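Written below as structure tokens is the structure these notes are about.
A quick note: this is a predicted structure, and the numbers were derived from the prediction, not measured. The first residue in the sequence is number 1, and the count goes up from there. Order of appearance sets the numbers: ligands from 1, and atoms from 1 within every ligand.
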Amino acid sequence: MLAKIEELLHEVESMTAANAEELEALRIKYLSKKGAVNALMADFRNVPAEQKKEVGMKLNQLKNLAQERIAALKEAFDNQDTDTEGLDLTRTAYPIGLGTRHPLSIVKNEIIDIFGRMGFTIAEGPEVEDDMHVFTMLNFAADHPARDMQDTFFVESNAEDVTKNIILRTHTSSVQARTMEKTQPPIRVICPGRVYRNEAISYRAHCFFHQIEGLYVDKNVSFTDLKQVLLQFAQEMFGPQTKIRLRPSYFPFTEPSAEMDISCHICGGEGCPFCKHTGWVEILGCGMVDPAVLDACGIDSKIYSGYAFGLGVERITNLKYKVKDLRMFSENDTRFLKEFESAY
Ligand code: DAH
């Protein structure tokens, strides 16, 4: 009987099953009522008394091993995903759709690069700002009508003293004030960022948009320097054939002030519907920093002078990519966004 048990132990040790039916057959063979283990149990009473202990232990070992092996095989089947039809392990992986940069980021990065090559570094400031940095230090007196030109969103408004208002910045010129306040010249910075105005949303206006402010303050900075830097920018951005034109304008923080047009890059200045047949399109505001602004920011206007300019990133992007509707930039329609692939 011992030899028979040893033989079965070996068998059970190495048993395998290819599927659930085979496994059930094994269970029946060894562990069912009429199975091999039970048959041996029935024979046990015929074992001579002096061998009972040894045979009993072996028999128990066989029973336990058979139960363990069958349970282990069953578990392996249960964990297997049996639904393998149509599974092709040699198929290449699904392609991962890489996103593209937002058109406004592409253009912003390009502008930063162009001015970076001319020695401008980046300065940043908060979007929730105080009235002092957005208006007062930039020469907008408390009752200055130019405050109404920019439809302001108020976070905290103070009826008695407007200079205590907390607002969403309406232009990145606020970063000029912040930079001059904490740094003495030479200053040469550009300030990219988001700005907010309380405007009805349409294809040509939005309640938030993006600007880049430029500021250069040093000894003997002149209007000629401003013109040269802006010409360089326009030609790098829109091509070497681009011409610029400066028209007198008004901003409280610059004197003199100007608006800059570039020759229409669609018709080359001939006149077309895009430039309303003028041959020119407006791209930015600029001027010499008003001495009153330098003084308000702690820079001695008798020693230093400076120029500033401010441009709209949406405006430049519209011109460059001919996007007619501003709202496209914030709708996150991937069919639109996928059109822009670039190294920037
Ligand atoms: N802050 C002006 C605006 O939002 C743009 C601007 C004009 C900025 C002239 C300047 C500047 O620095 O010199 O409309």
Would you sort out whether M41 and K63 count as a side chain to side chain contact (heavy atoms under 4.5 Å, CB included), showing the intermediate values? CA-CA 10 Å; M41 293 280 190; K63 187 180 165 189; 3.7 Å; yes
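Geometrically, ligand 1 and A308 share a nitrogen or oxygen pair separated by less than 3.5 Å.
In summary, the atoms of ligand 1 found under 4.0 Å from a heavy atom of G287, numbered by their order in the structure, are 13 (O). Ligand 1 places these atoms under 4.0 Å from at least one heavy atom of S173: 1 (N), 8 (C). In summary, the atoms of ligand 1 found under 4.0 Å from a heavy atom of Q176, numbered by their order in the structure, are 12 (O). Near T254, meaning under 4.0 Å from any of its heavy atoms, are these atoms of ligand 1: 13 (O).
Using a 4.0 Å cut-off between a side-chain N of Lys or Arg and a carboxylate O of Asp or Glu, K58 and E6 qualify as a salt bridge.
The ring pair (Phe, Tyr, Trp, His ring centres under 6.0 Å) test with H171 is passed by exactly one of Y196, F253, F209, F251: F253.
Contacts with ligand 1 closer than 4.0 Å are made by no heavy atom of Y307, backbone or side chain. Contacts of C286 with ligand 1, taken as heavy-atom pairs under 4.0 Å, involve the backbone alone.
Aromatic rings of F115 and F309 (six-membered ring for Trp) have centroids within the 6.0 Å cut-off, being under it.
Side-chain contact, H206 with E199: no donor N or O sits under 3.5 Å from an acceptor N or O.
Taking the six-membered ring where the residue is Trp, F340 and F336 present perpendicular rings, their angle passing 60° and hence far from 30°.
Of the candidates R197, H171, E255, E259, R197 brings a heavy atom nearest to atom 14 (O) of ligand 1. The option from Q211, M288, M260, E213 that lies nearest to atom 10 (C) of ligand 1, judged by heavy atoms, is E213.
Here the side chains of V281 and I262 are in contact, with some heavy-atom distance below 4.5 Å.
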